[in-house]
Colleague: 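Got a structure for you, written out below as structure tokens; questions coming shortly.
It should be emphasised that the depicted structure is a prediction, and the values quoted were computed from it without experimental measurement.
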Amino acid sequence: MKKFQNKQAGLLSSAELKTFKGQFIYWLFFAILVAFCVISLFPAIWTLLTAFKESQEMYSSFSMFPKDMSPGNLWHRVSDSWKQLQLGKSFINTIILSIGDLAFTIVVCGFAGYVLSKLKPKGTKIVFALVVWTMMMPAQIRMVPNYISMLNFPFASQDSIVPGVSLLDTYWPMWLAAGANAFYIILFKNAFDSLSHSYVEAAQLDGCGNFRIFFQIMFPLSMPIIIYVSINVLGGAWSDFFAPLLYLDNREVTPLRIYRLQSDASIQMNARFMGYIFASLPPLILFLIFQKRIIGGINVGGVKG
């Protein structure tokens, strides 16, 4: 308990940790957290180890670890599973979808938050109220109207005088939905609210337009929130299953590819488990690289004269 001698905040103070009751509560919570960690990690570890087992070994052995854990055998399992699953095309499609979602979220939601925060045209309060109201609407209610809208965009009716365009089997339905995300609009608005309006006034005096102010001034100053949003958008787009299932037909993304492998009898069970690992690696790597940036901050509260 030496590391807690100068502890100032928390459930237990440094003085309470010296007592029997304080230490009992501490180790009780510690044991509970360890138990929850083991329960949470066990499915992922079991999936990883099962993916490296041979087909016969999966059904004949109750051991959690593969019998042959040599580097050569492990690499053979990875390469053989990749050939069986043929995930290359679906990976490329998912990358295109994720990058498009990110671009629409950052540009459209970011600029919408900038308008609501700094420009504040007439009717801003009404627009902001409508944005908040859309968050209270269940996603199931929007499902059918959204599908009809994408079937005959932008008129949502085949009886209209001007014919619409079908956006089905394209990435546009997901990209447009990413640009209309109310949560990220509010998040960007709150981020821009924390920035001094003096930045905008100084840039306007220098003759900068709104787009230049947004991309060259507000955008760099809001980098922590942009990184946070980017990680969430990329992770969500990579694992999105329902929207591609609803709108896409020939352009198969990774979650759909993994799901449809269940009906393919030629794919062995260990290869399917390896497919789960392949599909989860990109968001995991993304999180491990940028996890410190999620909670990063920047002091933009004032302007130095």
Side-chain angles (χ1 to χ4, degrees), residues 95-137 142 146 149 153-154 165 167 170-238 283 286-305:
I95 291 173
I96 296 173
L97 174 62
S98 302
I99 293 176
D101 279 5
L102 178 61
F104 272 77
T105 300
I106 297 298
V107 176
V108 180
C109 295
F111 200 75
Y114 170 70
V115 171
L116 294 174
S117 174
K118 298 302 181 185
L119 301 184
K120 295 181 180 180
K122 291 183 179 180
T124 298
K125 293 183 179 180
I126 297 176
V127 173
F128 183 70
L130 292 174
V131 171
V132 175
W133 178 77
T134 59
M135 297 182 64
M136 303 178 186
M137 185 185 301
R142 304 193 299 263
N146 285 344
S149 299
F153 186 84
V165 178
L167 298 182
T170 68
Y171 302 118
W172 282 102
M174 283 76 73
W175 290 346
L176 294 174
N181 191 302
F183 174 74
Y184 291 131
I185 292 175
I186 296 174
L187 203 63
F188 275 112
K189 178 185 179 302
N190 292 336
F192 294 139
D193 285 342
S194 64
L195 301 179
S196 174
H197 192 69
S198 300
Y199 291 111
V200 179
E201 294 176 347
Q204 289 175 342
L205 290 175
D206 290 338
C208 294
N210 289 322
F211 283 98
R212 187 177 178 185
I213 293 174
F214 173 71
F215 285 107
Q216 294 188 2
I217 298 177
M218 309 302 289
F219 192 89
L221 292 177
S222 305
M223 192 56 63
I225 195 66
I226 290 174
I227 293 175
Y228 170 78
V229 170
S230 300
I231 294 172
N232 281 273
V233 170
L234 291 175
W238 188 272
L286 186 70
F287 173 77
L288 292 177
I289 294 175
F290 295 104
Q291 59 177 333
K292 293 183 180 180
R293 302 297 298 271
I294 296 177
I295 58 176
I298 185 171
N299 183 17
V300 291
V303 180
K304 295 182 179 179

Colleague: Could you work out, with side chain to side chain contact (heavy atoms under 4.5 Å, CB included) as the rule, every residue matching Ala203, not counting sequence neighbours?
Modeller: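 Expected list: Cys208, Ile213, Ile217.
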Colleague: Enumerate the residue pairs fulfilling salt bridge (charged side-chain N to carboxylate O under 4.0 Å, His left out) with a member in residues 214-225, sequence neighbours excluded, ordered by first and then second residue.
Modeller: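 As it turns out, there is no salt bridge (charged side-chain N to carboxylate O under 4.0 Å, His left out) pair with a partner in residues 214-225 once direct neighbours are skipped.
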Colleague: Kindly assign one of parallel, tilted or perpendicular to the pair Phe214 and Tyr114, based on the angle between their ring planes and the thresholds 30° and 60°.
Modeller: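 The arrangement is tilted - the two ring planes meet at 30° to 60°.
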Colleague: Kindly give the heavy-atom pair with the smallest separation between Ala182 and Val131, and that separation in Å.
Modeller: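 It is CB-O, 3.4 Å.
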Colleague: Taking C-beta and beyond as the side chain, do Asn146 and Pro173 meet within less than 4.5 Å on heavy atoms?
Modeller: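 Asn146 does not reach Pro173 side chain to side chain.
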Colleague: Report the distance from atom CG of Asn190 to atom OG of Ser117, rounding to the nearest 0.5 Å.
Modeller: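 Reported to 0.5 Å precision, the distance equals 8.5 Å.
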Colleague: Going by salt bridge (charged side-chain N to carboxylate O under 4.0 Å, His left out), name the pairs with one or both residues in residues 98-121, residues two or more places apart or in two chains.
Modeller: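 Every pair satisfying salt bridge (charged side-chain N to carboxylate O under 4.0 Å, His left out) with a residue in residues 98-121: there are none.
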Colleague: Residues in side chain to side chain contact (heavy atoms under 4.5 Å, CB included) with Val132, at least two apart?
Modeller: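 With neighbours one apart ignored, the set is Phe128, Met136, Ile186.
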Colleague: Once you round to the nearest 0.5 Å, how far does CZ of Phe183 lie from CG of Asn232?
Modeller: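 Phe183 CZ to Asn232 CG: 7.5 Å, rounded to 0.5 Å.
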Colleague: Under the criterion ring-ring contact (aromatic ring centres under 6.0 Å, His included), I'd like the reasoning laid out for Phe111 against Phe211: C-alpha separation, chi angles, the key distance, then a yes or no.
Modeller: CA-CA 8 Å; Phe111 200 75; Phe211 283 98; 4.8 Å; yes
Colleague: Rounded to the nearest 0.5 Å, what's the gap from CD1 on Ile231 to CG on Leu286? Could you check?
Modeller: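 If I round to the nearest 0.5 Å, the distance is 5.5 Å.
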Colleague: Do Phe188 and Ile226 touch side chain to side chain, with heavy atoms closer than 4.5 Å?
Modeller: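 Heavy-atom side-chain distance check passes, below 4.5 Å.
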Colleague: Please, which pairs that meet salt bridge (charged side-chain N to carboxylate O under 4.0 Å, His left out) have at least one residue in residues 189-216, sequence neighbours excluded?
Modeller: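 Sorted pair list: Lys189-Asp193.
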Colleague: Between Trp175 and Leu97, is a side chain to side chain contact (heavy atoms under 4.5 Å, CB included) present by the stated rule, with each step listed?
Modeller: CA-CA 8 Å; Trp175 290 346; Leu97 174 62; 3.9 Å; yes
Colleague: So Thr170 and Phe153, do their side chains get closer than 4.5 Å, heavy atoms only?
Modeller: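 No. Closest side-chain heavy atoms not under 4.5 Å.
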Colleague: Identify, with sequence neighbours excluded, every residue that meets side chain to side chain contact (heavy atoms under 4.5 Å, CB included) alongside Pro283.
Modeller: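 Testing Pro283 for side chain to side chain contact (heavy atoms under 4.5 Å, CB included), a comparison that skips the adjacent residues, returns Trp238.
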Colleague: Just verifying a value: how many Å separate Ile227 CD1 and Ser222 OG, rounded to the nearest 0.5 Å?
Modeller: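 The OG atom of Ser222 is 11.0 Å from CD1 of Ile227, to the nearest 0.5 Å.
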Colleague: What's the spacing between Ile106 CD1 and Phe215 CZ if we round to 0.5 Å?
Modeller: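 Nearest 0.5 Å value for the CD1-CZ distance: 10.0 Å.
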Colleague: State, to 0.1 Å, how close Val200 and Met218 come at their nearest heavy-atom pair, and which atoms those are.
Modeller: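 Nearest pair, atom of Val200 first, then Met218: CG2-SD, 4.1 Å.
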Colleague: Is it the case that the side chain of Asn181 and the backbone of Ala177 share a donor-acceptor pair, with hydrogens and angles ignored and the cut-off at 3.5 Å?
Modeller: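 No.
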Colleague: Check Phe192 against Gly113 and note the closest heavy-atom contact, atom names and distance.
Modeller: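 Shortest heavy-atom separation between Phe192 and Gly113 comes out as CD1-C, 3.6 Å.
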Colleague: Counting N and O atoms only, with roles assigned by atom type, does the side chain of Thr124 sit under 3.5 Å from a partner on the main chain of Pro121, one being a donor and the other an acceptor?
Modeller: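 Pair found, side chain donor or acceptor close to backbone of Pro121.
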Colleague: I want to check something: taking the side chain as every heavy atom from C-beta on, are Ile99 and Ile95 in contact at a cut-off of under 4.5 Å?
Modeller: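 Ile99 reaches Ile95 side chain to side chain.
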Colleague: If you count heavy atoms of other groups shown closer than 6.0 angstrom to CD1 of Ile126, is the number above 12?
Modeller: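 Open.
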Colleague: Identify the heavy atoms of Ala178 and Cys109 that sit nearest to each other, and give their distance.
Modeller: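 Closest approach of Ala178 to Cys109: O-SG, 3.4 Å.
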